[in-house]
Amino acid sequence: MKKWWMIVILAACVTVFGHPHAGAQQGAKLDHIRKSGKITVGTSAEYAPYEFHKKINGKDQIVGFDINIAKEIAKDLGVELVIRDMEFGNLLTELKTGGVDFVIAGMTPDEERRKSVDFSNIYYEAKQAVFVRADDQGKFKTMKDLEGKTLGVQIGTTQETIAKAVPNAKIRALGRTTELVLELKSKKVDALIVELPVAQGYVRNNPDLALSAIQPQSEAGGSAVAVNKGETSLLSAIQTTLDRLTAEGKIDQWVAEMTELAESPDTGTGQAARPAYNWNFTFLKEYGSYFWTGIRLTLEVSAVAVIGGFIFGTLISLLRLSSLWLVQFIGSAYVEIIRGTPMLVQLLLFYYGLPLFAGLDIGLFGAACLTLIVNSSAYIAEIMRAGIQGVDRGQMEAARSLGMPRGMALRLIILPQAFKTVLPALGNEFVVVVKESSILSVIGFGEIIYQANAIRAATYQPLEPLLVAAAIYFVLTFTLSKLLGLGERRLRVSD
Amino acid sequence: MIKVRSLHKTFGKTEVLKGIDADIAKGEVVVVIGPSGSGKSTFLRCLNLLETPTSGTIEFEGRPITGRGVDIDAVRQNMGMVFQQFHLFPHKTVLENITIAPVRVRNTPREEATRTAMELLRRVGLGDKRDAYPIRLSGGQKQRVAIARALAMRPHVMLFDEPTSALDPEMVGEVLDVMKSLARDGMTMVIVTHEMGFAREVGDRLLFVDNGQIVEQGAPREVFEAPQHPRTREFLSKVL
């Protein structure tokens, strides 16, 4: 008698605790969802293009192709979708405790997870693609063809990992796919590695680009939707929606759209609720060398720019002071055009435009230097013009009366005096050049801001690397102006 | 040595020189006087083409220097000029001011140029100022350096454009003394000045310029004592 009761209790225990939601509750979840009119999805919105935060019209929203799928699931069930955003590691716990009804978060159904939850079929497998200029399509057949080539990838992505594994390949890691495509077109890189739907989008819209036959393998597995163990009716409803979307080709389309959205700037400037920010500068230990490289390149390019800009700017100022109408006009036109157009445009024209339109590729460092030289020479020309005009006319007359030709008089008598009076202004220009060189990060020139961005991508810390960069700029420019002050005092001995 | 024929110069609509004829012989000291705005400085500045004549011709040592195809820099190497405002090069030391043209223009070896410069500096009484910058010199010292600078090119003629007008009175003498000694050594000189005593003492010939023309000329003593032209008389009565 006693033994019999024991067995009943044990059996009940096994039933209740061993399969907590199974058997008797079959279908109850779906009914509950339909009755309450809403379904709750769990996701972790920091994984573009799957799911991510985006400020649209000033409002922070969770978007991504997973989110689109979740919306379709809710729509097919005829209920409202509620999104709960949480840490990836908490998703399955929330699912099991009923906090969310299903999870969609680019989650790979591995063995470990299958023990605790049920998965739909894989709805999206991240396939990598290599695309190239249409003319080169025949040259790229296997991964081996990538060896020794220059490969373009987005910073901090799976694709970058793949590219790094290619022997002897040079890697161009930039922030945006649009820039990578420009690099490809202007023959600065030989091939781009991106997710397949993204590649397809670009190839569709650019007849001069083509997909290669190469199919890189990545570690990442496919993604599936998770529901609690035993929720077969809910799972099959979800599967129906997934099958429909796959058949309609919606998922690939969304992947491409969301990749683009993820790369586009936020719209609107409304203030979202602000979470407490935890400052963290520990990345300096690991990534400090990035900044050293950045400082070296910034100083190199600025020095070349200032010296080149000074020489070139002085020549332009002499054009402007010419007595010949046409020469004067050329000098003035140069100054006005360069000062009146954005340096960003000048940079992109020198970097992408010269190879495309003039067949002249001066390389990354060349384009960087040329842009800064051209830009600052326009400003220096004006500074020097004022300086030259400020030198007493009698100086030129005295020099000429000694038999000096005009050029020699300018060089030996006028310019040194002009230089001395404009030295403070030139110093300012130097400081401006050092700071403005940050714009070179746009074409992937590895100066300070580029390095800061690389660290931001690698550490997911949006602000700290920028603060460090700003501090570095300040130290550089402050030191520079002090040094220039010293130089000024030394030149002043003749006053 | 210098031959000027019907020299005209117009600035905009103002005719400053209205046909000047003049001859300056080798070794002659010609003093040019006249009221302010009479065109005497412009006349002098036309001689080494700091002003381009509107019309007329200038010959220097038998060769025309007006007109096309003249190497004006070569001509100027032989014509020294001293300005009212000195125009020393402020970023160069006294020595460098004097050597720069011989070294750069005449390709004189630096050592030789330095030796010549030191001789000239001693001659104008400034041997101890070789390493000073112009800013440290008085007006009279600056003008003496300027004279040394012009002499360093070994010119055949020296042009002086009111060399003492910007000086404090007590410094006029030291500059005039240098010029007197130059004249004694036989240098050909054309001097625009307001120093009438100096003109009478040093000048071989006096030109009185008024309203863009040479109104009267002759030996200084004669012109001063017996001016022929009424405008000369009027001018001299004011300045003497």
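Naming: A, B, ... by sequence-line order, numbering from 1 per chain.
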Within residues 28-67 of chain B, contacts to chain A at heavy-atom distances under 4.5 Å involve Arg45(B), Asn48(B), Leu50(B)
Does a sphere of radius 6.0 Å around CZ in Arg339(A) hold more than 12 heavy atoms from other residues, nucleotides or ligands, not counting ones at 6.0 Å or beyond? yes
Considering heavy atoms only, which positions within residues 298-312 of chain A lie below 4.5 Å of chain B? none
Given heavy-atom pairs under 4.5 angstrom as the criterion, report whether the side chain, backbone, both or neither of Phe89(B) touches chain A. both
Please report the shortest heavy-atom distance between Gly403(A) and Val105(B), naming the atom on each side. O-CG1, 3.6 Å
Considering all heavy atoms of both residues, which atom of Leu402(A) and which atom of Ala150(B) are nearest to each other, and what is their separation? CD2-CA, 4.2 Å
Once rounded to the nearest 0.5 Å, what's the spacing between atom CE of Met404(A) and atom CZ of Arg104(B)? 8.0 Å
Under 6.0 Å from the CZ atom of Phe11(B), do we count more than 12 heavy atoms belonging to anything else shown? yes
Report the distance from atom CD1 of Ile413(A) to atom CD1 of Ile100(B), rounding to the nearest 0.5 Å. 4.0 Å
Mind ranking Leu88(B), Ile72(B), Thr93(B) by heavy-atom pairs under 4.5 Å with chain A and telling me who comes out on top? Leu88(B)
Using heavy-atom distances under 4.5 Å, tell me whether Met408(A) contacts chain B through its side chain, its backbone, both, or neither. side chain
Kindly indicate whether the side chain of Lys92(B), heavy atoms from C-beta on, has any atom under 4.5 Å from the side chain of Pro416(A). no
Pair count under 4.5 Å, heavy atoms only, with chain A: among Arg149(B), Gln85(B), Met81(B), Met79(B), highest is Arg149(B)
Any chance you could measure His91(B), atom NE2, to Leu412(A), atom CG, to the nearest 0.5 Å? 7.5 Å
Which atoms of Met153(B) are under 4.5 Å from chain A, going by heavy atoms: the side chain, the backbone, both sets, or neither? side chain
Neighbour count above 12 (heavy atom, 6.0 Å) for Lys482(A) NZ: no
Report, as yes or no, whether the 6.0 Å neighbourhood of atom CZ on Arg106(B) holds more than 12 heavy atoms from other residues, nucleotides or ligands. yes
